[in-house]
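Comments concern the structure below.
Only this structure's heavy atoms are used, side chains among them; waters, hydrogens and symmetry mates stay out.
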Amino acid sequence: MSNLKDIKTEIEKYSNDSNLTELLIVEKLEKHYFDKKVNENLKLYKKGQKKVSEITKDLKISPRKFYMILEKKKIEHKKYKKE
């Protein structure tokens, strides 16, 4: 519990020093760690060690959103036709 208090005080100090609110700081941290986790999973996906279903479960996102990330980063993937 004391670790959480330390984090809270650091965030409050940082918000006082910068022009950002605590919520904006937390959102930026969330984005940073999400991107970090995505990049780790993309490395495993490229090597064929992890499947899309496993990655989407870990990241708690939909497969459609994952495929959008792949297209954005210009990573080749199979496209399935809906028929």
Side-chain angles (χ1 to χ4, degrees):
M1 194 68 173
S2 65
N3 291 337
L4 186 59
K5 287 181 182 179
D6 294 341
I7 293 170
K8 287 179 185 179
T9 56
E10 288 297 322
I11 289 174
E12 288 173 0
K13 285 180 188 176
Y14 186 76
S15 70
N16 289 334
D17 293 343
S18 67
N19 293 335
L20 301 173
T21 64
E22 287 92 352
L23 278 175
L24 287 174
I25 294 168
V26 171
E27 286 175 5
K28 286 186 177 195
L29 285 172
E30 181 182 8
K31 185 177 184 305
H32 168 75
Y33 286 108
F34 179 78
D35 289 343
K36 187 176 177 182
K37 189 78 169 174
V38 166
N39 289 333
E40 290 172 6
N41 282 309
L42 286 178
K43 287 178 188 176
L44 295 173
Y45 177 76
K46 286 180 188 177
K47 292 179 184 177
Q49 295 176 347
K50 213 165 189 185
K51 294 181 180 180
V52 174
S53 61
E54 295 169 344
I55 294 171
T56 54
K57 228 182 241 186
D58 289 346
L59 297 175
K60 297 178 184 166
I61 58 173
S62 68
R64 185 176 280 173
K65 188 171 182 178
F66 181 71
Y67 286 119
M68 286 177 53
I69 292 170
L70 289 176
E71 289 178 9
K72 186 177 175 183
K73 295 198 179 230
K74 297 179 182 172
I75 297 174
E76 289 186 31
H77 60 280
K78 291 182 181 178
K79 294 184 180 179
Y80 298 101
K81 294 182 181 179
K82 294 180 182 178
E83 291 182 352

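Between atom CD1 of residue Ile55 and atom CD1 of residue Ile69 there is a gap of 9.5 Å, rounded to the nearest 0.5 Å. Considering NZ of Lys57 and CG of Leu59, their distance stands at 13.0 Å, rounded to 0.5 Å. Distance check, rounded to the nearest 0.5 Å: CG of Leu70 to NZ of Lys72 gives 12.0 Å.
Around atom CD of Gln49, more than 12 heavy atoms belonging to other residues, nucleotides or ligands sit under 6.0 Å away. Within 6.0 Å of CG in Asn19 there are 12 or fewer heavy atoms belonging to other residues, nucleotides or ligands.
Residue pairs meeting the salt bridge (Lys or Arg N to Asp or Glu O under 4.0 Å) criterion with at least one partner in residues 17-33, sequence neighbours excluded, are Lys31-Asp35.
Counting heavy atoms from C-beta outward, Ile61 and Val38 have side chains that stay 4.5 Å or more apart. Using a 4.5 Å heavy-atom cutoff, the side chains of Leu44 and Glu40 are not in contact. Phe66 has its side chain out of reach of Asn41: every pair of non-hydrogen atoms, C-beta onward, lies at least 4.5 Å apart. Lys50 is listed as a side-chain neighbour of Asp58, based on a closest heavy-atom distance under 4.5 Å.
Under the rule for a side-chain contact (heavy atoms from CB on, under 4.5 Å), the partners of Ser53 that lie at least two apart in sequence or sit in another chain are Lys51.
Hydrophobic cluster membership of Ile25, counting Ile, Leu, Val, Met, Phe, Trp and Tyr whose side-chain heavy atoms lie under 4.5 Å apart directly or via other members: Ile7, Ile11, Tyr14, Leu20, Leu24, Val26, Leu29, Tyr33.
Between Ser15 and Thr21 the shortest heavy-atom distance is CB-C, 4.3 Å.
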